[in-house]
2 protein chains.
Amino acid sequence: MRWDALEEEPCSMARTIGVIGDRWTLLILRECFLRTRRFEGFQSALGITRHLLAERLKKLVRQGVLRRIPYQESPKRHEYILTQKGLDLYPIMMAIVHWGDTHMVDVRGRPLLHQHRKCGKNFDPVMVCSECGEPLSAKEVHTHPGPGARSTPPAKAAPEKKAKPRRKAA
Amino acid sequence: MRWDALEEEPCSMARTIGVIGDRWTLLILRECFLRTRRFEGFQSALGITRHLLAERLKKLVRQGVLRRIPYQESPKRHEYILTQKGLDLYPIMMAIVHWGDTHMVDVRGRPLLHQHRKCGKNFDPVMVCSECGEPLSAKEVHTHPGPGARSTPPAKAAPEKKAKPRRKAA
DNA sequence: TTTGACAGTTCGATTTTAGAACTGTAAAGA
DNA sequence: TCTTTACAGTTCTAAAATCGAACTGTCAAA
């Protein structure tokens, strides 16, 4: 599987991974949400090599996640700003942060707190069902092929024969 | 920045990225949530090289995201099952899928639909504030250092001087 | 005895990434 | 005027990760 093939896959997860599914890209996006906009800003915040940074920024622009906007003529300089498509990545970012807050913090506690302007409180993000508003967990969700599924049904669920123990079981 | 250093960073996002922030790992986890459990299952579903698959599975087990459970003696065979820590990745997966559903589908529509068992409807995941229940967006959230922040305040927000246009502006 | 399923491991070739230096424009300071 | 600094990249070589394919080993079934 070549990586540009990811975006052709009939799977929204694979396609998204094709856009943001590498470590530097995710960290660059973190910086974007923390209001970093310029090449040097990203570079010094992340310690990424300039070569890779240039490449990743280009890709994010090509993909419509960032927009490259001039903020100065001669010498031409540009800022990288999140588009709406980019801003829509926020739930992914928050979900990642929240998992880290839950499972990866040390004794000192959370590095960053999030305050909701509307209600004024520090909060955790909760994922709920758009239809009934109840919190979601994997076990309560059933997936089935949609209109964009490929003929061979559920994308690529494993064939996995139903544990017919042809050998002496454990 | 070496990759094992990511998990030491005072940033829940960086730490999480250190665990799941590469393409194959994310795809392996997708398969886990689609109920794939065995080496061959992952390999044939993803087309990942066996070498990398073995390595990634080992890492996920080491990190407590998967548990390696014997399902047969002689020859010893194991299945890879999501732990609670792994199941807790569900909101991340759903957020990724949802972004793809919103921004990466072709004319044919979504490859996969999600049905909530509780209410019976196909749904989208919505991220809300744990305190007031309102949907969240980046602009409504203010971040500030928590107890686990490092001394030099907000992790690594860019120094970025306030657009003092020392040159003729655009 | 041979074949096939399964879960890996090994190894050479190819791709990516890291690290550092270099390019070019222009303002600011000596 | 000359030098330094800021900024946004590009170029180059070495090191690391990944690919692709073959190989290992156990056991059941044909």
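In the text below, chain A, chain B and the rest are named by the order of the sequence lines, each starting its count at 1.
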J.: OP1, OP2 of dA26(C) versus side-chain N and O of Ser74(A): anything below 4.0 Å?
T.: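 Checking Ser74(A) against dA26(C): at least one side-chain N or O falls below 4.0 Å of OP1 or OP2.
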
J.: What is the distance, to the nearest angstrom, from the CZ atom on Arg23(A) to the P atom on dT16(C)?
T.: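 Whole-Å distance recorded here is 17 Å.
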
J.: Using atom CG of Asp22(B) as one end and atom P of dA17(D) as the other, report the distance to the nearest whole Å.
T.: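 Those two atoms, CG and P, are 12 Å apart.
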
J.: With respect to the side chain of Leu52(B), which nucleotide from dT17(C), dC19(D), dT25(C) is positioned closest?
T.: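 Given the options dT17(C), dC19(D), dT25(C), the side chain of Leu52(B) is closest to dC19(D).
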
J.: Round to a whole Å and report the spacing from CG of Asp4(B) to C1' of dA18(C).
T.: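 These atoms are roughly 14 Å apart.
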
J.: Would you call the rings of Phe33(B) and Tyr90(B) parallel, tilted or perpendicular if under 30° counts as parallel and over 60° as perpendicular?
T.: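 Ring orientation, 0 to 90° scale: tilted.
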
J.: Donor-acceptor check, side chain of Thr36(A) to backbone of Gly41(A), threshold 3.5 angstrom: yes or no?
T.: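 Flag not set: sc Thr36(A) to bb Gly41(A) has no pair under 3.5 Å.
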
J.: By the salt bridge (charged side-chain N to carboxylate O under 4.0 Å, His left out) test, which pairs, at least two apart or in different chains, include something from residues 54-71 of chain A?
T.: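 Checked against salt bridge (charged side-chain N to carboxylate O under 4.0 Å, His left out) - neighbours excluded - the pairs reaching residues 54-71 of chain A are Asp22(A)-Arg56(A).
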
J.: Separation of Leu6(A) atom CG from dT18(D) atom P, in whole Å?
T.: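 In whole Å, dT18(D) P lies 14 Å from Leu6(A) CG.
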
J.: Please give, in whole Å, the distance from dA8(D) C1' to Glu73(A) CD?
T.: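 Computing the Glu73(A):CD to dA8(D):C1' distance gives 15 Å.
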
J.: May I ask you to say whether Glu79(A) pairs ionically with Arg38(A), meaning some side-chain N is under 4.0 Å from a carboxylate O?
T.: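 Judged by the 4.0 Å cut-off on N to carboxylate O distance, Glu79(A) and Arg38(A) do form a salt bridge.
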
J.: Are there any protein N/O atoms within less than 3.5 Å of an N/O atom in nucleotides 7-13 of chain C, and if so, which ones and at what distance?
T.:
unit_1: dA7(C); atom_1: OP1; unit_2: Tyr71(B); atom_2: OH; d: 2.6
unit_1: dA7(C); atom_1: OP2; unit_2: Glu40(B); atom_2: N; d: 3.2
unit_1: dA7(C); atom_1: N7; unit_2: Glu40(B); atom_2: OE2; d: 3.2
unit_1: dA7(C); atom_1: N7; unit_2: Arg50(B); atom_2: NH2; d: 2.9
unit_1: dG8(C); atom_1: OP1; unit_2: Arg68(B); atom_2: NH2; d: 3.2
unit_1: dG8(C); atom_1: OP2; unit_2: Tyr80(B); atom_2: OH; d: 2.7
unit_1: dG8(C); atom_1: N7; unit_2: Arg50(B); atom_2: NE; d: 2.8
unit_1: dG8(C); atom_1: N7; unit_2: Arg50(B); atom_2: NH2; d: 3.0
unit_1: dG8(C); atom_1: O6; unit_2: Arg50(B); atom_2: NE; d: 3.1

J.: Are the side chains of Asp88(B) and Gln84(B) in touch, meaning some heavy atoms are under 4.5 Å apart?
T.: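 Yes, at least one pair of side-chain atoms sits under 4.5 Å.
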
J.: Please determine if Lys118(A) and Glu140(B) form a salt bridge, counting it only when a charged side-chain N lies under 4.0 Å from a carboxylate O.
T.: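 Answer for the salt bridge query: yes.
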
J.: So, Asp101(A) and Arg15(B), do they make that salt bridge, N to O below 4.0 Å?
T.: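 Answer for the salt bridge query: no.
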
J.: Could you state the CG-P distance from Leu46(A) to dT17(C), rounded to the nearest angstrom?
T.: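 Those two atoms, CG and P, are 15 Å apart.
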
J.: Can you check the Gln43(A) CD to dT10(D) C1' distance for me, whole Å?
T.: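 To the nearest whole Å, that distance equals 14 Å.
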
J.: Looking at every strand, decide which applies to Arg56(B) at a 4.0 Å heavy-atom threshold: base, sugar-phosphate, or nothing.
T.: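 The residue Arg56(B) makes sugar-phosphate contact but no base contact.
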
J.: Please give, in whole Å, the distance from dC6(C) C1' to Leu53(B) CG?
T.: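 Value for this atom pair: 13 Å.
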
J.: Does Trp24(B) have a side-chain nitrogen or oxygen under 4.0 Å from the phosphate oxygens OP1 or OP2 of dA17(D)?
T.: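 Result: no.
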
